[in-house]
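Notes follow once the structure below has been shown.
Note that the structure is a prediction, hence the values are computed from the model and not measured.
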Amino acid sequence: MKRYAGVLLSVTSLPSRYGIGCFDQAAYDFVDWLEKAGQRYWQILPLGATSHGGSDDSPYQAYSAFAGNPYMISLDELIEEGVLTREECEEVDFGTNPGKVDFDKLHENRFRLLRLAYQRSQISYNPAFTDFCRNNYWWLNDYALFMALKGFFKEAPFRSWPEDIRMHWDFAVDYYNRVLYFDIEFHKYMQFQFMQQWRKLKDYANAKHIQIVGDIPIYVSPDGADVWAHPELFQLDEHNAPTAIAGCPPDSFAADGQVWGNPLYRWDYHRSTGYQWWVTRMWHSFQLYDVVRIDHFRGFDQYFSIPAGENTAKNGHWEDGPGMDLFDTIRQRLGDVNVIAEDLGLMTEGVRKLVRQSGYPNMKVLQFAVNPEDVSASNDYWPHNYNANCVVYTGTHDNETLFGWYEGLSPEAKKQVRSYLYNFHTPDKEMYKALIQLTMASVAKDCIIPIQDYLGLDNQSRMNQPGTVGFNWRWRLKPGLLTEKLAQQVLAVTMLTNRANWDSLNAAEKARLAAEEAEQTLS
């Protein structure tokens, strides 16, 4: 079995002069850096069109399961196309901190530029745009109308809209399609630009033998086009309001549990259609990505159901999900697709059985291994307990950075880590390097390391802290951090642990030279 490695970095975290990472030169430069570092994978966060507000523009609360995020459209490409000018883009205030995304300023200012580009584009006469709209009508029409309606009703949740359009009645849909024609076409234009630019970037990565690991949430936003246009898919009442919502039960980390608010699926209905919506969603995902990580995979075994309107999860209960019936159907319809099962959280024998039966590699997170009260190291997340069919991470977007995590450990926990590594001399500030090497040396088939961990950044660079709002999903790479020296160091540990992407390396003279010169450890 070939072993590979990759790096986790959200597209939005790339450097950019326009406030947020996007599909511009910095993305291509990052692919080049991955090539030099001998990496096989670029794992990203969901690319969905995020909702603005209390969710911090979370990529896990998107307006559609199929649409892309207009923030990621490269303004530089629109400048090259001639529909924007450099001066127009540089005059806009996108925020003053190159290390943080300012979502308020983005929401206020970026769409003005995109609308200006649309007005100058003469997109209606573009045959490629016509083909895109025809090929994607099955999700694009509802999404574009939904977004136009969001603007028309001042961003109000769709459940506060007038009944005729809230309930998606045909005569109301026809009426607003006429009234909001140009707003609808604007949102279709943004999706066209997004898809054109993303496919160009993905083709560039694939040509260098680098694969994209995408990420899809199990649930969709309660205020999104999927729920509005297809209420039959979800547990809703006769007014299309949720009867039950998603979350997780109380535990040692959250006494009241967590209330996520997403509508739950009507799995009996999905089963009656041969899981058509889910098969289509997976098919669409594999048009965008080479590998798909499914978030909250355990929800397919059992999901936690909370009565709608509850502020805590205390009155929730477990319900059975579709289990292998869904994944057998996906395999029958799509073949053997490359999926990573995010099976973190409360583990049961049912979840373990579903992962085994699916054959999908599951996830191991090194940070979850440490427990000073368990000196036997029997925890599933210690590397000696892995099997090969898994993907190992030092941490995910929801974790502390590796440096910040180790820095915050108790003396007892640090002692457990050092004893496991038989390493009693490396200074604390350098321990993240030893932990990366431990992770890379594990038996796991694939290994993904967040870029913050390779850089040894503290928790100021954390991407998300679950259960909090106001400051998540904002971290960005400052220009100049991805150096040649770091690429050589990453390549060294990748080669040392037999994970180098030789297909890519053989195509890159600089990477071959780096392999000859690099040190044999992350020093």
Side-chain angles (χ1 to χ4, degrees), residues 41 43-44 46-48 60 62 64-68 131-143 191 195 198-199 202-203 206 211-220 224-227 229-235 246 262-303 319-343 350-363 389 391 445-446:
Y41 302 113
Q43 180 169 328
I44 59 177
L47 294 178
Y60 295 89
S64 167
F66 303 97
D131 289 344
F132 172 77
C133 293
R134 181 174 60 249
N135 293 334
N136 292 278
Y137 76 92
W138 50 273
W139 66 267
L140 184 62
N141 289 355
D142 283 326
Y143 167 77
Q191 290 306 304
M195 293 297 179
W198 170 246
R199 284 176 176 148
K202 181 179 180 293
D203 287 346
N206 289 166
Q211 295 190 344
I212 304 295
V213 180
D215 191 338
I216 63 170
I218 184 174
Y219 296 121
V220 300
D226 307 289
V227 181
H230 298 286
E232 70 277 5
L233 300 175
F234 306 95
Q235 296 182 27
N262 307 81
L264 297 168
Y265 295 107
R266 282 185 56 200
W267 285 117
D268 56 341
Y269 179 84
H270 286 267
R271 189 176 297 111
S272 72
T273 67
Y275 300 103
Q276 183 61 45
W277 186 86
W278 263 99
V279 169
T280 303
R281 186 185 186 190
M282 293 299 292
W283 171 85
H284 180 73
S285 296
F286 283 104
Q287 305 307 300
L288 300 176
Y289 317 118
D290 301 296
V291 183
V292 173
R293 172 191 179 273
I294 303 178
D295 192 58
H296 196 60
F297 190 83
R298 72 140 299 134
F300 296 108
D301 174 53
Q302 287 188 319
Y303 60 90
E319 294 276 356
D320 289 335
M324 272 306 298
D325 193 31
L326 170 62
F327 299 108
D328 284 339
T329 303
I330 290 172
R331 184 168 283 116
Q332 290 166 7
R333 298 285 298 279
L334 303 181
D336 290 324
V337 291
N338 294 321
V339 168
I340 297 173
E342 190 275 293
D343 60 339
V351 178
R352 293 187 179 94
K353 181 179 179 181
L354 180 60
V355 171
R356 287 195 303 269
Q357 289 180 331
S358 72
Y360 301 146
N362 63 333
M363 288 178 57
N389 192 36
V391 183
K445 178 176 74 73
D446 294 317

Problem set entry | side-chain hydrogen bond (donor to acceptor under 3.5 Å, both in side chains) contacts touching residues 322-335 (sequence neighbours left out) | Y275-D325, Q276-R333, R331-D336
Exercise. Side chain of H296, backbone of I218: donor and acceptor closer than 3.5 Å?
Worked result: no
Exercise. Out of curiosity, I330 CD1 to M324 CE, how far, rounded to the nearest 0.5 Å?
Worked result: 9.5 Å
For this session: Can you sort out the partners of R293 under side chain to side chain donor-acceptor pair (under 3.5 Å), two or more places apart, ordered by chain and number?
Result: D215, D295
For this session: Tell me, please, which residues at least two apart from H230 pass side-chain contact (heavy atoms from CB on, under 4.5 Å).
Result: D142, E232, L233
Problem set entry | Minimum heavy-atom distance between K202 and L288, given as atom pair plus value | CD-O, 3.1 Å
Problem set entry | side-chain contact (heavy atoms from CB on, under 4.5 Å) against R352, all qualifying residues, sequence neighbours excluded | M347, E349, R356, D380
Problem set entry | Residue list, ring pair (Phe, Tyr, Trp, His ring centres under 6.0 Å) with Y289, at least two apart or on another chain | none
Exercise. By side chain to side chain donor-acceptor pair (under 3.5 Å), which residues pair with K445, not counting sequence neighbours?
Worked result: none
Problem set entry | ring pair (Phe, Tyr, Trp, His ring centres under 6.0 Å) against Y143, all qualifying residues, sequence neighbours excluded | none
For this session: Could you tell me whether the side chain of R298 reaches within less than 4.5 Å of the side chain of L354, counting heavy atoms only?
Result: no
Seminar exercise, completed: By side-chain contact (heavy atoms from CB on, under 4.5 Å), A62 pairs with (sequence neighbours left out) none
Exercise. Looking only at heavy atoms, which two atoms of S285 and I216 are closest? And how far apart?
Worked result: OG-CG2, 3.6 Å
For this session: Kindly write out the residues that satisfy ring pair (Phe, Tyr, Trp, His ring centres under 6.0 Å) with Y41, not counting sequence neighbours, or none if the list is empty.
Result: none
Seminar exercise, completed: For F132, the ring pair (Phe, Tyr, Trp, His ring centres under 6.0 Å) test, sequence neighbours excluded, returns F192
Exercise. What residues, two or more places apart in sequence or in another chain, satisfy side chain to side chain donor-acceptor pair (under 3.5 Å) together with D301?
Worked result: none
Exercise. With distance as the sole test, does Q302 use its side chain to make a donor-acceptor pair with the main-chain N or O of D320 at under 3.5 Å?
Worked result: no
For this session: Report the residues that fulfil side chain to side chain donor-acceptor pair (under 3.5 Å) with R266, sequence neighbours left out, ordered by chain and then residue number.
Result: none
